[in-house]
There are 4 protein chains.
Amino acid sequence: MGTSHTRRGNTRQRIQDVALELFAEQGYEKTSLREIAERLEVTKAALYYHFKTKEDIIISLFEDLCRPIDELITWAEGQPRTLETKQELVRRYSESLRSSEALFRFMQENQATVRDLTIGQGFKERMLTLYGLLKEPDAELVDQVRCITALFSMHAGMFAMQNVVGDPEEKREAILRVATELVTAANPPSRRPARPDSAQTASP
Amino acid sequence: MGTSHTRRGNTRQRIQDVALELFAEQGYEKTSLREIAERLEVTKAALYYHFKTKEDIIISLFEDLCRPIDELITWAEGQPRTLETKQELVRRYSESLRSSEALFRFMQENQATVRDLTIGQGFKERMLTLYGLLKEPDAELVDQVRCITALFSMHAGMFAMQNVVGDPEEKREAILRVATELVTAANPPSRRPARPDSAQTASP
Amino acid sequence: MGTSHTRRGNTRQRIQDVALELFAEQGYEKTSLREIAERLEVTKAALYYHFKTKEDIIISLFEDLCRPIDELITWAEGQPRTLETKQELVRRYSESLRSSEALFRFMQENQATVRDLTIGQGFKERMLTLYGLLKEPDAELVDQVRCITALFSMHAGMFAMQNVVGDPEEKREAILRVATELVTAANPPSRRPARPDSAQTASP
Amino acid sequence: MGTSHTRRGNTRQRIQDVALELFAEQGYEKTSLREIAERLEVTKAALYYHFKTKEDIIISLFEDLCRPIDELITWAEGQPRTLETKQELVRRYSESLRSSEALFRFMQENQATVRDLTIGQGFKERMLTLYGLLKEPDAELVDQVRCITALFSMHAGMFAMQNVVGDPEEKREAILRVATELVTAANPPSRRPARPDSAQTASP
DNA sequence: TATGAATGAGGTTTCATTCAT
DNA sequence: CATGAATGAAACCTCATTCAT
């Protein structure tokens, strides 16, 4: 029982890992099943034992990714629609991104591919749902942009800042702070349920 | 003078147009030369008369795109490094995007492809240069994020807001406003060369 | 004793049934073991417990089919070579087809496959033997055609008449009648051992 | 200008010839494009220059085959619906089969394949049309069988008689004669428009 | 009696590219 | 300025088959 035959039921997992790695690195179309198989030291046919098609591999990755997002959405829908909730939503989202960095990078960099990938639609819907949870129903155009930018900046942030020096965790916190500011600015006091001690006038 | 013989010599341009359209719609890898040729009602071989390789087509598109950016960089480098310059830089950049929406969409959605496309590097460098022009040399991490987000939001904005109703030009202005705010926030008075008439206190 | 555990030991039979069904429906090559296994809700490997190869499955079907034919041949060879015997041979053959309709349909529609299937040769030989039992040794070319057509019509008849309305059993009888006529015509009185009461002259 | 580069525009034809040969010999599914290409000493990709898919090759063969049949149908539909017309129809059909022997053999032996080949339906319809031209509208079941058998015997005849010695043309004539007899028997005098000099009584 | 995991060979198809005309 | 014909490489996928458990 050496090293290579002991891998019991973890092949499926290993395929997902390698696939994600390569998809993120080179893109979905440019990554061939041969490549994945070679890196795993199995045959292409073995991949097809675990996944019915190439698309199936990526779908399985998406599913893993979407679960936490769905939970987040469920949570937010059960909360009062206050600024605090929105800020917390952004915070939690930022955190869940941390564990799925590669996949988010993949999606960010392969939107054209993702778009017609069936499941891509599902992801887009979730983004729209999050967006709907961040913005007020009657928000002005600028505030809509702020909310969208907040979400996008969290997605794009990590790899857009690869050339910026610094501790990854610090970067994430900086990104989170900017996103939070955007959301906060998009929910001005005048639009929030009035509070007696807030006497500010809305910015024009 | 029918419809099909009037196109004299403009074939090269037509190839670029159709290619960009398809690249933006489906991605670079998923768009085949056959498809481009068919839509133009010429043969694949005809494409090779005008472009040496498939990559050459995309390179030519990049070159057209980069020219205005280079001009913008040249202009900015000749200006004083004030907040006003930065705001104007953002404004001008936003405007030049307007005419190259498809190509920017393509780049935004096909980063993985663009990345190892030789010319992709060139584009990235230009982005870094713009970034360098927006941020102060000793900017804090948060302010770096603000500058990057400003740039990104302009790229991503247009198609991220496809499902938002409204006049495109109004949207662009909203995006520009948010980007400007981000840049402004990233260049707080305390960091700018002090001016006698600015009495604001820096935000902590 | 649920539904799925009652099948004790009859798996082999069930494989044959499903395989025949699919072979007849789609052809041998186009039917994969995966398909058979799925329809049976077992794994492909289970098929290999019961049959050594895919061809083995079809061979086993042929063997079941050939047994009655062999009995028929044995019977016919023990009879006097009269027209009555031939007519009875056709009648009995028609009857034995009834219970193997699917397999005959398969053979009729997949001759190209059957041809190089080892056992296919065996079937062809049996057909030639039957043919030899129907025709007179010195039969004219036309009479040879009649005999061959008689056999073929019985094979092809059933599914060639799928779009003809009517009771299956009635159809079979009609086919049998035509086949009998052909055999009768192929064995004219002049060639049969003369009988005192038959005064017909041979047809030109 | 040797032998191998002079083949100007005949490649398409050569593909059809070789494909038909191999399809008839081994069946459609068992014949790979590699095989066809190798026999032609071209690459597989060359086949795809001339035909969009493997199925396309066979479709083109069918089209060539169907043309004469369609002409025959058109002709027959313009004739009076007499026994003589039907006999002539059979005669002409037999003749047109002569030049398409391989394709008919292919169809006869690969019905399962042909069945779901789109164009297969078209062929079946033509057969039904021919059948409808041979039989009287209110024909009895037995007469319907006779007409079907007449058609089938012509299809199957040639290769079913491969082991029968004799001149091919003589064989064809013998088959034609049997087919004609079947059609004649299927159109008894009592069912034909009465003619003053035909005093026969109908057979029961 | 059956399964889970894997393989090797081969299938059809598509692609970017070339070159004589 | 463009085409018709072809190529070589590689893509995704399927199949029959094996074997340890």
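Contact annotation: C/Tyr49 does not reach the phosphate of E/dA2 (side-chain N/O to OP1 or OP2, under 4.0 Å). Residue A/Tyr48 places none of its side-chain N or O atoms closer than 4.0 Å to OP1 or OP2 of F/dT14. Under 4.0 angstrom from either OP1 or OP2 of E/dG11 there lies at least one side-chain N or O belonging to D/Arg34. A/Thr11 has a side-chain polar atom (N or O) that falls below the 4.0 Å cut-off from OP1 or OP2 of E/dA6. A sub-4.0 Å separation between OP1 or OP2 of E/dG4 and a side-chain N or O of A/His50 is absent.
Whole-Å rounding puts the B/Ile36 CD1 to E/dC15 P distance at 11 Å. If you take CD of A/Gln13 and P of E/dG4, they are 19 Å apart, rounded to a whole angstrom. The CG atom of C/Leu40 sits 14 Å away from the C1' atom of E/dT1 (whole-angstrom rounding). One can place CG of D/Asn10 at 10 Å from P of F/dA5, the figure rounded to the nearest angstrom. To the nearest angstrom, P of E/dC15 lies 20 Å from CZ of B/Phe51. One can place CG of A/Leu47 at 13 Å from P of F/dA11, the figure rounded to the nearest angstrom. Counting to the nearest Å, the P atom of F/dA16 and the NZ atom of C/Lys30 are 14 Å from each other. If you measure from atom OH of B/Tyr28 to atom P of E/dT14, you get 20 Å, rounded to the nearest angstrom.
Across every strand in view, E/dG10 sits in a pair with F/dC13 that passes the Watson-Crick or G-U test at under 3.5 angstrom. Nucleotide E/dA5 forms a pair with F/dT18, judged by Watson-Crick or G-U wobble geometry with both contacts under 3.5 Å.
Interatomic distance, D/Leu20 CG to D/Phe23 CZ, rounded to the nearest 0.5 Å: 8.5 Å.
Between B/Glu35 and B/Lys30 there is no salt bridge, since none of the side-chain N atoms of the basic residue sits less than 4.0 Å from a carboxylate O of the acidic one. The pair D/Arg67-D/Glu63 does not count as a salt bridge, with every side-chain nitrogen at least 4.0 angstrom from each carboxylate oxygen. Ion pair A/Arg34/A/Glu38 flagged as a salt bridge, since at least one NZ, NE, NH1 or NH2 atom sits closer than 4.0 Å to an Asp/Glu carboxylate oxygen. Between A/Arg105 and A/Glu109 a salt bridge is recorded (basic side-chain N to carboxylate O distance below 4.0 Å).
Where D/Ala45 and C/Ala45 each meet DNA chain E at their nearest nucleotide, the meeting point lying more 5' is that of C/Ala45. Where A/Ser32 and C/Lys54 meet DNA chain F, the nucleotide closest to each residue was compared, and A/Ser32 sits on the side nearer the 5' end. If you find the closest nucleotide of DNA chain F to D/Thr43 and to C/Lys52, the one lying nearer the 5' end belongs to D/Thr43. Taking for each of D/Glu35 and B/Glu35 the nucleotide of DNA chain E with the nearest heavy atom, the 5'-most of the two is the partner of D/Glu35.
Looking only at atom types and distance, the side chain of A/Glu55 has a donor-acceptor partner in the side chain of A/Thr118 under 3.5 Å away.
Counting only heavy atoms from C-beta on, B/Ala46 has its side chain closest to F/dT3 among F/dT3, F/dA16, E/dT14.
Checked by distance alone, C/Lys44 brings no side-chain donor or acceptor within 3.5 Å of a matching partner on the base of E/dT3.
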